[in-house]
Each structure stands twice: as C-alpha cells, then as structure tokens.
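In this text the structure is predicted, and so the values were computed from the model without any measurement.
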Amino acid sequence: MALRLLTLMLILVVLTPCPALAEETVIEPEWFVPEYVTQLLDIARGELGYKEGSNGYTKYGEWKGEPLAQWCAEFLCWCVDQVDQQHGTQLLHNVYPLYSGQNVGKNWFIQQGRYVTRNGNLPDWGYQWLRGDDKFITTGTYIPQPGDWMFFTWTSDQDTDHVALVEYCTVDEKGHVTIHAIEGNNPDSVARNTYAIDNSRILGYGTVHDVADWTMRGNCTGVKVKKLQQNLMYLNYLPQGADDGVYGPSTVEAVKRFQLDNGLNDSGIANMETQHTLQNTVDWKVYNDLDAWLVQDDEEE
C-alpha cells in the first residue's frame with residue numbers, strides 16, 4: 001500500500017505538470033521505500049531552484065566548510081543532514097556518506113556493500129549479480145530506487161565527476177527506462193534532470209538497500225568480504241576472529257581449500273558459483289545444527 005501511495009503521489013505531483021511525460025508510466029519501486037527516503041526527497045524538492053552566488057558560493061559548500069566548492073555532493077550531504085536534524089535520524093555516515101572528494105562517495109558505498117554498477121562489472125572486484133539471482137547484471141537489469149545516489153563520469157577514466165539523487169524512474173511505450181533525479185550544480189542551481197538508464201556516463205548507484213553481490217578477490221576490502229570470511233569461519237576454513245574485512249592471503253587460501261573440497265576451480269577468487277555454493281553449504285549446516293535450534297529457558301527450574 002505504501003508503494004502504491006508513493007507511486008500515486010509521484011504521478012500527481014511530478015508527472016501531471018509535464019505533458020512530455022504523459023505517455024510514460026512511473027515504475028513502482030521493487031524494494032520497500034523507507035520513510036527517511038521520503039523525507040530526504042521532500043528536503044531535496046524544497047531546494048529546487050536554489051542558485052549559486054558569486055564565484056560559485058553556495059550554502060551547501062559553506063555548511064561543508066568549502067563555500068566556493070563544486071557542490072553536487074555537498075548538496076546531497078546537506079539534505080541528509082537536514083533529515084537527521086529534523087527527524088532525529090542518523091543517516092549521515094551510516095546510510096549515506098559525508099564527503100566532497102571525487103571518488104570518496106562511490107568508494108564509501110562499495111565498502112558498505114551497497115553499490116551497483118550500470119553495466120554489472122565493478123572495477124578491481126568483478127561481475128555483479130542481484131542477490132538471489134544466478135545471472136550477471138547488465139545495463140538495465142537494476143532499476144534504481146528512490147533515494148539511491150547516481151554517480152557519473154564525464155571522462156573515460158572511471159572517476160566520479162557528478163552525483164545525483166534518484167527521485168523515481170519511468171518507462172515509455174517502447175520499454176525505454178528514464179531515471180528522474182534531483183541534483184545540485186546543474187550547472188549553477190538545484191534542478192531536476194532525466195537520464196536514460198543506458199547513459200554511458202552513469203557509473204553506478206549507491207543503493208538504499210543491499211541488493212547485489214559481486215565477485216571478490218585478493219586485496220578487496222569491505223562488508224562483503226567480512227561476510228564471506230564469516231561464512232568461511234563457520235565452516236572452519238578460517239580461524240575465529242579472522243573476519244577483518246580484508247581479502248588477504250589467508251582468505252585467498254581458505255577460498256581455494258573450499259573450492260577444492262567442492263569440486264570448483266581453485267582460483268581463490270570468490271565468484272558467483274563459489275559464493276552460492278558457500279552460502280548453500282552454510283545454510284545446510286545451520287539447518288542441521290542442533291545447537292542452532294536450541295531454545296534457552298530464561299528461568300531455572
């Protein structure tokens with residue numbers, strides 16, 4: 001019901017004033033839209049039309065301590081901070097990053113395990129797939145959700161040059177998906193913008209939910225690595241306490257041993273097949289572990 005109300009609201013508030021979108025349909029979000037996302041979008045919409053001052057001054061840059069900075073990231077972080085202040089949430093540093101550097105925001109989401117690339121290939125890691133799926137992500141597989149952060153590059157070096165807040169997505173009669181976003185520094189104001197989902201300038205999305213898994217290999221770090229290590233620990237391929245979130249030599253060797261024991265290619269790289277086999281093995285062991293089903297009585301007889 002909440003998703004239907006959100007979709008109806010978007011249709012009434014956003015689509016009705018714009019005849020050009022009359023033949024497009026709002027795509028209902030696949031995942032639950034948290035209340036804080038609605039609050040964040042409300043804050044961002046309230047800033048539409050704000051224009052930078054002389055020499056590029058903005059209140060968002062001043063809030064971050066850099067009044068004359070390029071301010072697309074500062075705008076989004078400021079909006080998150082406003083939600084925290086107005087609603088008592090703790091989104092900044094937890095759900096969303098606080099940053100101004102070029103790749104810091106994208107890398108923060110990667111470390112948190114909440115990042116989806118546009119084409120499904122994450123540099124220095126490997127191919128991605130939606131959780132619970134057995135197919136790799138390709139362009140258009142993931143429809144960005146309200147509240148996601150969309151990262152762009154203007155060059156071919158994969159560095160982030162811009163970031164925007166996803167408001168919603170639409171699809172036309174021919175199946176073409178359009179992403180509707182709110183962004184700062186466009187080019188000197190807060191404004192709405194639209195992007196085709198296959199726009200080659202889109203690097204990927206910092207996601208509200210943990211929706212994708214991806215290949216892991218030596219030197220990778222973050223929440224995804226830590227979860228992998230915890231599964232290996234549970235199966236006694238790693239010693240207890242080895243879940244440091246760093247895919248170092250001991251993790252590589254543990255993955256190799258698991259692969260050999262399960263008839264997989266012992267590359268030491270945790271690809272989709274390895275991760276699915278590992279999780280299925282863990283799930284089977286948990287299901288058959290009597291201690292996992294033991295109910296403790298709080299009161300002594």
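- A donor-acceptor pair is defined here as one N or O able to donate and one able to accept, closer than 3.5 Å; no such pair exists between the side chain of N119 and the backbone of T138.
- In terms of the salt bridge (Lys or Arg N to Asp or Glu O under 4.0 Å) criterion, residue partners of K51 (sequence neighbours excluded) are, by chain and number, D188.
- Side-chain contact annotation: N271 with T215, donor-acceptor N/O pair under 3.5 Å absent.
- Heavy atoms only, all atoms of each residue included: E24 and T170 are closest at OE1-OG1, 2.8 Å.
- Shown here is W154, whose CH2 atom has more than 12 heavy atoms of other residues, nucleotides or ligands within 6.0 Å.
- Between R192 and E183 there is no salt bridge, since no side-chain nitrogen of the basic residue lies less than 4.0 Å from a carboxylate oxygen of the acidic one.
- V223 and L92 sit in two unconnected hydrophobic clusters of ILVMFWY residues. Membership requires side-chain heavy atoms under 4.5 Å apart, directly or through other members.
- With salt bridges taken as basic N to acidic carboxylate O contacts below 4.0 Å, none links K226 and D244.
- We find the CD-OG1 distance between Q145 and T207 to be 9.0 Å, quoted to the nearest 0.5 Å.
- W129 belongs to a hydrophobic cluster whose other members, connected by ILVMFWY side-chain contacts under 4.5 Å either directly or through intermediates, are Y127, F136, M272.
- Checked against the 6.0 Å centroid threshold, F152 and Y195 count as a close aromatic pair.
- Between Y205 and W149, a ring centre-to-centre spacing not shorter than 6.0 Å is recorded.
- Remark: D283 pairs with Q279 by the side-chain hydrogen bond (donor to acceptor under 3.5 Å, both in side chains) rule, at least two apart or across chains.
- Between N219 and Y247 there is no side-chain heavy-atom pair separated by less than 4.5 Å.
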What verdict does the ring pair (Phe, Tyr, Trp, His ring centres under 6.0 Å) test give for Y60 and Y50, after you've listed the backbone C-alpha separation in whole Å, the side-chain angles of each residue and the deciding distance to 0.1 Å? CA-CA 11 Å; Y60 316 115; Y50 176 93; 4.9 Å; yes
